[in-house]
Amino acid sequence: MAVIKYIEAIVSAMREEMRRDDNVFVLGEDVGVRGGVLNTTKGLYQEFGEMRVMDTPLAESGIVGVAVGAAMYGLRPIAEMQFADFVFPATNQIISEAARVRYRSNNDWQCPLVVRLPYGATGGGALYHSQCPESVFVGTPGLKIVAPSTPYDAKGLLKAAIRDNDPVLYFEHKKCYLSQTGEVPDGDYIVPIGKADVKREGTDITVITYGLTVHYALQAAEELHKEEGISAHILDLRTLQPLDKGAILESAARTGKILIVHEDNKTGGVGGEVAAIIAEELLFELDAPIMRLCPPDVPAVGMNPPMEKFFLLNKDKIKDEMRKLALY
Amino acid sequence: MKHSRLGLTDRQVIDMYRMMLAARKFDDRCLVLQRSGKIAFHVSGVGQETGQAAAAFAFDGNRDFFLPYYRDYAFVLSVGMTVRDLMLSVFAKAEDPSSGGRQMPGHFGHRKLRIVSGSSPVATQIPQAAGIAYAGKLRNEQFCTYVSFGEGSSNQGDFHEGCNFAGVHKLPVIFFCENNQYAISTPYSKQIGEARIADRAIGYGFPGIRVDGNDALEVYRVVKEARERAMRGEGPTLIEAMMYRIPPHSTADDDMLYRTKEEVQENMQKDGIARLKQYLIDCGLWDEQQDQELVLEITRMINEETAYAEKAPYPAPEDTLKHVYEEESEA
């Protein structure tokens, strides 16, 4: 097994799928010669040429609209939003079109499309290079939404997304690109869409999270265990739509104390849905109110370091909240 | 005779007329069905049939891809949909090939006929048309893509993004603007100023042509030439077909709030269907008796298909839950 970075997992998933299937192609701003402004398509242009690794005009609705057309024709486009913050002009193509093609045509047409969305704050990204826009899409039937936290999941979920016959939004946390390394099998594998993953077994409290905050929660759990003997069970959602209800309920029931953590705003975020699922099914197994830890409901995020630090979650903020829950 | 010079056989030009007339009669029937409460809603194509059918005859029905907009009844009939298909759609029945009774009428789709499923937000189909053409280029397939829209849609970002993309990649797309003068109640003068839609093509580096949408043979000529250019690898063409939407926007619209009876009357005189009929008569290909027989034949067909669609079953209520995603058994 090779140890690779999160970003390498993304590039290698695309490279392998493009080698495996001629119908797969990549399009977006600067994804070709430049290899992506975040280097997420590096080397693909050199191997597959400009037709399959296409630098598009700067126009997000056009990028997704073209991809929707190509997908309906029978290709498997991977459309890159340069930053997830710029997806909003394309929301009509995603929500009104891609998500509804199968339903509106009574299964006559399908739209096997992947939209890659580099999201989250990395430091200094300010209001328009830091957002977590996943909640905008989570309530849309017809979309699948994934948000891997590790290189293993990143590669396996991207491959699954490319092979899926429905549109998949693939949220890749920019801060994971270089900070996360991990073992990835040498051979072909997929991580199934719709399956959450227990990243740490525990008995006192359950933390349900996804993306970068999975790692903060894991660090916090290690420290709490070592320092205070608190045992945290950590569930990585991995797929935000459809949510893995079985895994959520099982992890919640394990401890009866649940903390939901994400970098997206609290109001309207995925956490609210997770909390509702638990409240609907498990009320009498709870030993504490369901807690949520998210940044405040303000736009993500101030450019200056003090505001940014105030806004963003980190290991210590999560650790404090986990302790509070354990002591409840 | 002009149609022969353009490469149309006598049979084809008569068929073209037949399609326009079938669309007109279908439309008239739908209005009656809506007014009598048998169907919920109808959006009309009256006044636009000539340009639609004429454009359709310029395509290769076995290869080309079509992204029509919601008034394109004459177009979809000309590329292979049937009056029964359309009736099943207005009655929202399970057998409706476009959507299984899920979408409003006018939201066409038929994969076998390469009629690409469409939605209601306007102009979304324009970049999609470019995407289909790009996919064809990537796969080395030889076909052309037709996408139509009203002049109102040409103000949407997706129009510009789709045209620009097709221009950059010299894609075989024909952008067919059915300029019917109104976006619901908003007249052309409040949408586009002094410019012509056709001129917008200059900004994308391909030809833009304005044509009289009531002149069937002229529309056929410009679309055919545009298709030939496209197939030679010379890229897209924007065609602005000038026409007039004779009825209100839909059965839910009162057009007398924003235009006059006189204006509508005046435009009815320019009807392209009557014009093509006269042409056929002048060519000696048609006469009043044949015309009456054709009207009877179409009326009979519409009666039959209305009855068929009215009796056809609705989808089962629980079919509501189907086809949000691919079901495992289909994968």
Side-chain angles (χ1 to χ4, degrees), chain A residues 22-23 25 27 49-52 54-77 79 89-90 92-93 95-113 140-144 163-167 193-194 241-242, chain B residues 65 67 94 96-103 107-112 114-121 123-139 141 145 147 156-158 160-169 171 315 319-320 322-327 330-331:
Chain A
D22 285 344
N23 291 317
F25 76 106
L27 71 164
E50 63 177 354
M51 282 296 283
R52 289 183 70 197
M54 190 209 322
D55 280 322
T56 60
L58 200 168
E60 283 79 9
S61 186
I63 292 168
V64 178
V66 162
V68 168
M72 285 202 276
Y73 174 86
L75 300 191
R76 295 189 173 270
N92 194 37
Q93 284 290 348
I95 293 174
S96 302
E97 305 298 312
R100 304 213 191 313
V101 162
R102 185 182 297 282
Y103 195 78
R104 79 187 186 200
S105 68
N106 200 26
N107 212 32
D108 199 24
W109 290 87
Q110 62 181 15
C111 187
L113 158 73
T140 300
L143 294 179
K144 295 179 181 177
R163 295 177 198 180
D164 201 283
N165 287 330
D166 288 306
I193 294 171
Q241 164 86 320
Chain B
F65 277 74
L67 293 93
D96 151 39
S98 291
S99 78
R102 292 168 178 212
Q103 292 222 71
H107 293 63
F108 310 108
H110 200 301
R111 193 145 76 105
K112 281 204 186 98
R114 291 167 314 286
I115 297 171
V116 180
S117 166
S119 68
S120 298
T124 53
Q125 73 275 27
I126 298 172
Q128 290 168 16
I132 286 173
Y134 186 82
K137 200 171 169 177
L138 202 56
R139 280 251 193 100
E141 302 266 351
T145 303
V147 58
Q156 288 276 12
D158 271 355
H160 301 283
E161 296 187 25
C163 285
N164 188 48
F165 186 90
V168 168
H169 291 279
L171 298 177
D319 286 353
T320 300
K322 280 187 180 168
H323 309 315
V324 179
Y325 299 99
E326 182 176 59
E327 277 142 41
E330 302 155 0

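Chain letters run A, B, ... following the sequence lines, proteins first and then strands; every chain starts at 1. Remember, it's a predicted structure, so these values are computed and weren't measured experimentally.
Of the two parts of A:Asp166, only the side chain, counted from C-beta on, holds a non-hydrogen atom closer than 4.5 Å to a non-hydrogen atom of chain B. Of the two parts of B:Ile115, only the backbone, made up of N, CA, C and O, holds a non-hydrogen atom closer than 4.5 Å to a non-hydrogen atom of chain A. Proximity to chain B is limited to the side chain of A:Asn23, based on heavy atoms less than 4.5 angstrom apart. Interface remark: B:Val168 contributes side-chain atoms only to the contact with chain A (heavy atom separation under 4.5 Å). If you measure heavy-atom distances from B:Arg102 to chain A, the contacts under 4.5 Å come from the side chain alone. Heavy atoms closer than 4.5 Å to chain A are found nowhere in B:Pro315, neither backbone nor side chain. With a threshold of 4.5 angstrom between heavy atoms, A:Leu143 approaches chain B through N, CA, C or O but not through any side-chain atom. Contacts between A:Asn107 and chain B at a heavy-atom distance below 4.5 Å involve backbone atoms as well as side-chain atoms. Contacts between B:Phe108 and chain A at a heavy-atom distance below 4.5 Å are absent for every atom of the residue.
When atom types are taken as modelled, the side chain of B:Arg111 and the backbone of B:Gly109 share no donor-acceptor pair closer than 3.5 angstrom. Checking side-chain atoms of B:Glu161 against main-chain N and O of A:Ile63 turns up no donor-acceptor pair under 3.5 Å.
Donor-acceptor pairing under 3.5 Å is lacking for the side chains of A:Arg104 and B:Ser99.
Geometrically, A:Arg76 does not engage A:Phe25 in a cation-pi contact, judged by NZ or CZ lying under 6.0 Å from the ring centre and within 45° of the ring axis.
The candidate with the highest count of non-hydrogen atom pairs below 4.5 Å against chain B, out of A:Asn92, A:Asp22, A:Val101, is A:Asn92. Interface remark: of the candidates A:Leu27, A:Asn106, A:Val64, A:Asn106 forms the most heavy-atom pairs closer than 4.5 Å to chain B. The greatest number of non-hydrogen atom pairs below 4.5 Å with chain A, out of B:Gln125, B:His107, B:Glu141, B:His160, is found for B:Glu141. Highest contact tally toward chain B, considering only A:Ser61, A:Ala70, A:Pro57, A:Ala59, is held by A:Ser61 [criterion: heavy-atom pairs under 4.5 Å].
Atoms CD and CZ, on B:Glu326 and A:Arg102 in that order, are 4.5 Å from each other to the nearest 0.5 Å.
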A:Tyr103/B:Thr320 under side chain to side chain contact (heavy atoms under 4.5 Å, CB included): CA gap, chis, key distance, verdict: CA-CA 9 Å; A:Tyr103 195 78; B:Thr320 300; 3.9 Å; yes
Please output the side-chain donor-acceptor pairs of residues 128-138 of chain B that fall under 3.5 Å, not counting sequence neighbours, one pair per line with the distance.
{"unit_1": "B:Gln128", "atom_1": "NE2", "unit_2": "A:Gln93", "atom_2": "OE1", "d": "2.9"}
{"unit_1": "B:Gln128", "atom_1": "NE2", "unit_2": "A:Glu97", "atom_2": "OE1", "d": "3.0"}
{"unit_1": "B:Gln128", "atom_1": "NE2", "unit_2": "B:Thr124", "atom_2": "O", "d": "3.4"}
{"unit_1": "B:Tyr134", "atom_1": "OH", "unit_2": "A:Met51", "atom_2": "O", "d": "2.5"}
{"unit_1": "B:Lys137", "atom_1": "NZ", "unit_2": "B:His169", "atom_2": "O", "d": "2.7"}

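With sequence neighbours excluded, no residue forms a side-chain hydrogen bond (donor to acceptor under 3.5 Å, both in side chains) with B:Gln156.
Among all heavy-atom pairs drawn from A:Ala90 and A:Glu60, the shortest one is CB-O, 3.5 Å.
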